[in-house]
Amino acid sequence: MPLAGVLSPKDVEGLMRAVPGDGAPCVSLYMPTLRGGDTRQNSIRLKNLLRQAEELLAGWQPRREREELLAPARELLEDMAFWQSPDEGLAVFSAPALFRSWRLPLPFHELATVEERFHLKPLFPLFNDDGIFYILTLSLEHVRLLRANRWGVEELDLGAVPKSFREAMGDLNRRTTQFPPTTRTQVGVARSPIFHGHGTAEDEIKNEIRQYFRRVDGGLAALHLDRGAPLVLAGVEYLLPIYREATNHPKLMEEGLTGNADGLEPAELRAAAWEIVEPVFGAARRRGAERYRELAGTGLASGQLQEVLRGAHDGRVELLFAASGVRCWGTYDPVRREARQAEGPGMGREDLVDLAAVQSWLHGGKVFVTEPNEMPDGRPVAAVFRY
């Protein structure tokens, strides 16, 4: 999947601010989608969610208004072109005078909610640990540069960067049988592979390859890439240490992907490289959890829902952990600064965990949606305050 087209933070903020007012309902639907096999199940799932949404709307609107509100989503059921390119999940939002849908790389749990604003917490994982990284595939015949994040990948135009040894250096007129290319079609993670070879001929070949890689590295520098983003090398094992000698990239990962990468699809390379870079991007989450535990009991951290909601509305939340799949229904009065929990959804009620996440985001806080068993103290929310 290319990076372009993935839901952006600006899109989410637009949904946050798209509150119709006057108690009008906002329908939010989430579902996983099949990318292969019996894809007819996708439209069946959406149909079932629409049935749930209509039942929830029964306490909000007359039948005619309910049908009008859900009509754009029902049109998707018969849109064959829409279902031809599914992703891992589908998110649908409908309110008076507003309809949006996105196919997204998240396999959502099925959910239909009706509130006075859109339910957005399931989207936040798209913006957790989602930094950019690069993958450089290396061989004597072909060089590729991929730009990726956790959810997508795209191949970049190399411009004037040499695409092969022949383009950069001409023919390699020495024997290269000392370095037999692998025929593996999969890549594996390896730490600091070592170049094996001795003797004058091998040293000369290695020097020529190093010069080739220096030209590649110089060409990449001219592309003005994000030098703070991690770079993962992928290629046959003997080439990776030569490139390490040739490059001055400040964020070159110690681990690389070894094997013949030429025949692999970008998505395969992204998935393998993510295992290497995930600890880099997950560091912020881990540091945040440590900060929460250090500050617990000082007044600068809290897992009490009411206290977190007050801090979120005041713009005090610097970092929020919210439990995935956990919903606490109720109401929050920002004037009285009071939260009241209720049993289940209903007219005028909302998920207070989702509300805390949205308000924290709107005030510039960092929001991590985390599995319940990974929450810092086991509660539905955990916040670190700015003051």
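Values in this document were obtained by computation on a predicted structure and should not be read as measured data. The residues of the chain are indexed from 1 along the displayed sequence.
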Could you go through the side chain to side chain contact (heavy atoms under 4.5 Å, CB included) check for Trp102 and Leu123 one step at a time? CA-CA 11 Å; Trp102 280 275; Leu123 298 177; over 6 Å; no
With a 4.0 Å cut-off on N to O distance, would you call [X] and [Y] a salt bridge?
X: Lys366; Y: Glu318; answer: no
X: Lys206; Y: Glu245; answer: yes
X: Arg286; Y: Glu290; answer: no
X: Asp314; Y: Arg337; answer: yes

Run the numbers on Glu13 and Lys10 for side chain to side chain contact (heavy atoms under 4.5 Å, CB included), then give the verdict. CA-CA 5 Å; Glu13 186 171 339; Lys10 186 176 180 180; 5.7 Å; no
So if I apply the side-chain contact (heavy atoms from CB on, under 4.5 Å) rule between Leu233 and each of Glu255, Arg244, Met253, which one comes out positive? Arg244
Please determine which of Thr113, Val358, Leu98 meets the side-chain contact (heavy atoms from CB on, under 4.5 Å) test together with Phe118. Leu98
List the steps and the verdict of side chain to side chain contact (heavy atoms under 4.5 Å, CB included) for Val27 and Trp60. CA-CA 11 Å; Val27 176; Trp60 294 67; over 6 Å; no
Sequence neighbours left out, what passes ring pair (Phe, Tyr, Trp, His ring centres under 6.0 Å) with Tyr243? Give chain and number order. Phe213
Quick one: list whatever passes ring pair (Phe, Tyr, Trp, His ring centres under 6.0 Å) with Phe124, sequence neighbours left out. Trp361
Is it the case that over 12 heavy atoms from other parts of the model lie below 6.0 angstrom from the [atom1] atom of [X]?
X: Asp22; atom1: CG; value: no
X: Arg74; atom1: CZ; value: yes
X: His142; atom1: NE2; value: yes
X: Lys163; atom1: NZ; value: yes
X: Arg227; atom1: CZ; value: yes

Between [atom1] on residue [X] and [atom2] on residue [Y], distance to nearest 0.5 Å:
X: Glu67; Y: Glu54; atom1: CD; atom2: CD; answer: 6.5 Å
X: Leu156; Y: Leu146; atom1: CG; atom2: CG; answer: 7.5 Å
X: Asn42; Y: Leu77; atom1: CG; atom2: CG; answer: 11.0 Å
X: Leu225; Y: Leu220; atom1: CG; atom2: CG; answer: 6.5 Å
X: Gln359; Y: Leu320; atom1: CD; atom2: CG; answer: 11.5 Å
X: Ile135; Y: Arg270; atom1: CD1; atom2: CZ; answer: 8.0 Å

Does any N or O in the side chain of [X] come within less than 3.5 Å of the main-chain N or O of [Y], such that one atom is a donor and the other an acceptor?
X: Lys121; Y: Val326; result: yes
X: Ser360; Y: Gly365; result: no
X: Ser94; Y: Leu69; result: yes
X: Gln306; Y: Ala339; result: yes
X: Arg144; Y: Pro266; result: no
X: Arg150; Y: Trp274; result: no
X: Glu268; Y: Glu265; result: yes

Give the ring-plane orientation class for Phe165 versus Tyr212, where under 30° counts as parallel, over 60° as perpendicular and anything between as tilted. perpendicular
Below 30° counts as parallel, above 60° as perpendicular, anything between as tilted: where do the rings of Tyr30 and His119 land? perpendicular
Check whether any side-chain heavy atom of [X] sits under 4.5 Å from a side-chain heavy atom of [Y], and report yes or no.
X: Ile242; Y: Leu138; result: no
X: Arg103; Y: Phe82; result: yes
X: Pro345; Y: Asp351; result: no
X: Leu305; Y: Leu309; result: yes
X: Ser324; Y: Glu371; result: yes
X: Arg327; Y: Asp354; result: no
X: Trp83; Y: Thr39; result: no
X: Leu49; Y: Val92; result: no

Looking only at non-hydrogen atoms, find the nearest pair between [X] and [Y] and report the distance.
X: Pro376; Y: Tyr292; value: CB-CD2, 3.5 Å
X: Ala273; Y: Phe133; value: CB-CE1, 3.8 Å
X: Phe108; Y: Pro32; value: O-CD, 2.9 Å
X: Leu231; Y: Leu136; value: CD1-CB, 3.9 Å
X: Met375; Y: Ala382; value: CE-N, 3.9 Å
X: Leu223; Y: Leu158; value: CD2-O, 4.0 Å

According to a 4.5 Å side-chain heavy-atom criterion applied to Ile, Leu, Val, Met, Phe, Trp and Tyr, with indirect links allowed, do [X] and [Y] form part of one hydrophobic cluster?
X: Met347; Y: Leu56; answer: yes
X: Leu106; Y: Leu34; answer: no
X: Leu104; Y: Phe99; answer: no
X: Leu7; Y: Leu76; answer: no

Are Arg316 and Phe385 in a cation-pi setup, meaning NZ or CZ lies under 6.0 angstrom from the ring centre and within 45 degrees of the ring axis? yes
Quick one about Thr247 and Asp217 (side-chain donor to acceptor, distance below 3.5 Å, no hydrogens or angles considered), yes or no? yes
Hydrogens and angles aside, do Arg285 and Thr370 bring a side-chain donor and acceptor to less than 3.5 Å of each other? yes
Side chain to side chain contact (heavy atoms under 4.5 Å, CB included) between Leu355 and Arg117: does it pass, once the steps are laid out? CA-CA 9 Å; Leu355 177 62; Arg117 57 179 183 80; 3.3 Å; yes
Can you tell which of Lys47, Arg51, Arg45 makes a salt bridge (Lys or Arg N to Asp or Glu O under 4.0 Å) with Glu110? Arg45
Between His249 and Tyr134, is the ring centroid distance below 6.0 Å? no
